[in-house]
Undergrad: 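Please see the structure below; I have some questions.
Here the structure is a predicted model, which means the values were calculated and not measured. Position 1 is the first residue of the sequence, and the numbers go up from there.
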Amino acid sequence: MATPTNAHPSRRTLRRVALAAGLAGLAGLAWAARDVPAALGARLTGADAERLRRSPQYRDGAFRNRQNTRMIEVEEDRKVLWEFIFGMQRRRPRLPVPLLRPGQPPPVTDRELNAVWYGHASTLLEIEGRRVLLDPVWSRRCSPSHLVGPRRLHPVPVGIDDLPLLDAILISHDHYDHLDLATVRELTATGRAPFLVPLGVGAHLRRWGVPDERIVELDWSQQHQVAGLTITATAAQHFSGRGLRRDDTLWASWVVAGLHRRVFYTGDSGYFDGYAEIGAAHGPFDLTLMQIGAYSPAWSGIHMFPEQAVTAHRELRGGLLVPVHWATFNLSTHAWAEPVERLCAAAREQDVRVAVPMPGERVVVDAPQRPEPWWRAVT
C-alpha cells in the first residue's frame, strides 16, 4: 500500500508562493507606474533656464502673479478637507452625461466661428477655416498615474483619431487636467500642428517626444502667427507644477484672432483686474471660453467663481460666453451642476448671452442654441 502524502503544502512552499505573489504584485505595480516619472515632466537647466529668468513674470526664483496671491487659505482648506470627507453635495451626475458626436463642420468661410466642447477645458475652435485645439486631455484620469487620481465622469465624445486636421494646439499651463502625457504623445504621432505653450512648458513636451520645431513658448503679451491666425499669450492668475515643484513654468490665458473673429480663453485663473486690460488691448471678443468649475473659498485667488466669470466676460467685452472647466472631473467640493446653475443665474442678471453645450456639441457662435438645462436631467 502506498504511503499517504500530506495534502497540506509545507511552510517552505507557502513562503515561496507568497514571495512569488509579492514579486508579481511589485512587477505589476512597476508596470502600471512605468509612465509616472515621465508624466511628472522635465525641468529646464542651463541656458534654457536662464532664458526663463529674464521674463518679467519671473521673480525670486519662480514665476509670479501680478499681485500676491495665496494658493490655499489655510483655515478654508481645513473646511474643504472636512467637506471632501463628510460633505453631502452630489459631486457626480446621477445618470450618464449625454454626449454628442459633432457632425461635419459647416462650409469654410472667412467669418466662420464655432466651438466644440469635449469636456472639462478641452475645446476645438473652428475660426475662419482654421482649427485650434485647447488644453486637450483624453486620458481617463487627470493624474500622473492611470491607477489613481480624479477619474472622468463621462467619456470623451470623439477619439483623437477622429479629430479634424489641426492648425494649432494651445496649452494654458502644466497641471494634469490641462496637460496630459498620453494625449500629447498621440497628438504628436497623428498630426503636425504646433504646440503653443507658456514659458517653460516646452521642457515637458520635449521629454515626451515633441520635436523642437513644433514647440512655441510664449511669455505674456507675446504673439505667434500660425495659419493666418494671431495667437497671443495673455495674463492669468494661477500657478503651475506637476510634482513637488511649484511655479517653475508659466501659466497663461489665450487670445485667438483671425481677420474678422476673436476668441478669448481663460485657462485657469482667479478673478483679477487683468481682464479689463485684455479686453481693452485685444477685444471685443465674439466668444469667450470661461473657467467656471473647481472653485472653493480655500483657493479663491486661483479659480474664479461662476459669477466672477460673468463679470470678467463683460470686462473682456465678450459677445457669447461658453463655460468650460466643469462636468468632467471632480476637483472640488461643490455639487456637480452647481457651477452652471450659478453661471446661468448670473448671466441672466447681467444680460450676458450664454450657450451651454453638451460634451461634443458644436456651438455656432452666430446662431447659438438656447441654454437648455440638459444637465438637470442627469443631476
Undergrad: Should Phe239 and Phe63 be marked as a side-chain contact (heavy atoms from CB on, under 4.5 Å) after you check the CA-CA gap, both sets of side-chain angles, and the distance that decides it?
TA: CA-CA 8 Å; Phe239 72 108; Phe63 286 102; over 6 Å; no

Undergrad: Between the side chains of Ser269 and Gln237, does any donor sit under 3.5 Å from an acceptor?
TA: no

Undergrad: Tyr295 ring centre to Arg342 NZ or CZ under 6.0 Å, with the angle to the axis within 45°?
TA: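 Yes.
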
Undergrad: Are side-chain N/O atoms of Gln369 and Glu361 paired as donor and acceptor at under 3.5 Å?
TA: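 Indeed, the side chains of Gln369 and Glu361 share at least one donor-acceptor pair under 3.5 Å.
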
Undergrad: Does Val356 form a side-chain contact (heavy atoms from CB on, under 4.5 Å) with Glu372? I'd like the steps, not just the answer.
TA: CA-CA 7 Å; Val356 185; Glu372 296 293 336; over 6 Å; no

Undergrad: Can you sort out the partners of Glu315 under salt bridge (charged side-chain N to carboxylate O under 4.0 Å, His left out), two or more places apart, ordered by chain and number?
TA: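 Counting only residues at least two positions away or on another chain, Glu315 forms no salt bridge (charged side-chain N to carboxylate O under 4.0 Å, His left out).
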
Undergrad: Please confirm whether His313 and Phe285 have ring centers closer than 6.0 angstrom.
TA: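 No - the distance between ring centres of His313 and Phe285 does not fall below the 6.0 Å cut-off.
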
Undergrad: Tyr118, Val263: one ILVMFWY side-chain cluster at the under-4.5 Å cut-off?
TA: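 Different clusters.
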
Undergrad: Holding to ring pair (Phe, Tyr, Trp, His ring centres under 6.0 Å), I want the full list of residues that pass it with His178, two or more places apart in sequence or in another chain.
TA: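 Counting only residues at least two positions away or on another chain, His178 forms a ring pair (Phe, Tyr, Trp, His ring centres under 6.0 Å) with His120, His173, His325.
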
Undergrad: Could you walk me through whether Leu187 and Ile160 pass side-chain contact (heavy atoms from CB on, under 4.5 Å), step by step?
TA: CA-CA 7 Å; Leu187 287 168; Ile160 289 179; 3.8 Å; yes

Undergrad: Are Leu343 and Tyr275 connected in a single hydrophobic cluster, I mean Ile/Leu/Val/Met/Phe/Trp/Tyr linked by side-chain heavy atoms less than 4.5 Å apart?
TA: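 Shared cluster, yes.
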
Undergrad: Looking only at heavy atoms, which two atoms of Pro136 and Ser122 are closest? And how far apart?
TA: CA-OG, 3.5 Å

Undergrad: May I ask you to check whether over 12 heavy atoms, not counting those of Arg141, lie within 6.0 Å of atom CZ?
TA: yes

Undergrad: Can you confirm whether Arg245 is buried at CZ, in the sense that more than 12 heavy atoms of other residues, nucleotides or ligands lie under 6.0 Å from that atom?
TA: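 More than 12 within 6.0 Å, yes.
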
Undergrad: List the residues meeting ring pair (Phe, Tyr, Trp, His ring centres under 6.0 Å) with Trp326, not counting sequence neighbours, and say none if there are none.
TA: Trp117, Trp336, Trp374

Undergrad: Mind checking the OG-CG spacing from Ser172 to Leu289? Nearest 0.5 Å is all I need.
TA: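 Answer rounded to 0.5 Å: 11.5 Å.
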
Undergrad: For Arg101, check salt bridge (charged side-chain N to carboxylate O under 4.0 Å, His left out) against everything at least two apart and list the hits.
TA: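 Residues passing salt bridge (charged side-chain N to carboxylate O under 4.0 Å, His left out) with Arg101: Asp162.
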
Undergrad: Salt-bridge test for Glu341 and Arg376: reply yes if a basic N is under 4.0 Å from a carboxylate O, no otherwise.
TA: yes

Undergrad: Taking all non-hydrogen atoms of both residues, which atom of Leu153 and which atom of Asn330 are closest, and how far apart?
TA: CD1-N, 4.3 Å

Undergrad: Taking Leu229 as the starting point, is it possible to reach Leu134 by hopping between hydrophobic residues whose side chains are less than 4.5 Å apart?
TA: yes

Undergrad: I'd like to know if Asp366 pairs up with Arg261 as an ion pair, taking the criterion as any Lys NZ or Arg NE/NH1/NH2 lying under 4.0 Å from an Asp or Glu carboxylate oxygen.
TA: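 So Asp366 pairs with Arg261 through a salt bridge.
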
Undergrad: Is there side-chain contact between Val184 and Leu181, with heavy atoms separated by less than 4.5 Å?
TA: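 Answer no - side chains too far apart.
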
Undergrad: Answer yes or no: is there a donor N or O on one side and an acceptor on the other, between the side chain of Thr288 and the main chain of Gly318, under 3.5 Å?
TA: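 Not a single qualifying donor-acceptor pair exists.
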
Undergrad: For residues 37-52, run the donor-acceptor check on the side chains, cut-off 3.5 Å, and write out each pair with its distance to 0.1 Å, sequence neighbours left out.
TA:
{"unit_1": "Glu50", "atom_1": "OE1", "unit_2": "Arg53", "atom_2": "NH1", "d": "3.2"}
{"unit_1": "Arg51", "atom_1": "NH2", "unit_2": "Glu217", "atom_2": "OE2", "d": "3.3"}

Undergrad: So, Asp212 and Arg206, do they make that salt bridge, N to O below 4.0 Å?
TA: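 Here Asp212 pairs with Arg206 in a salt bridge, since their nearest N and O are under 4.0 Å apart.
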
Undergrad: List the steps and the verdict of side-chain contact (heavy atoms from CB on, under 4.5 Å) for Met304 and Ile292.
TA: CA-CA 6 Å; Met304 283 188 288; Ile292 67 164; over 6 Å; no

Undergrad: Please name all residues satisfying salt bridge (charged side-chain N to carboxylate O under 4.0 Å, His left out) with Arg66, sequence neighbours left out, ordered by chain then number.
TA: Glu277

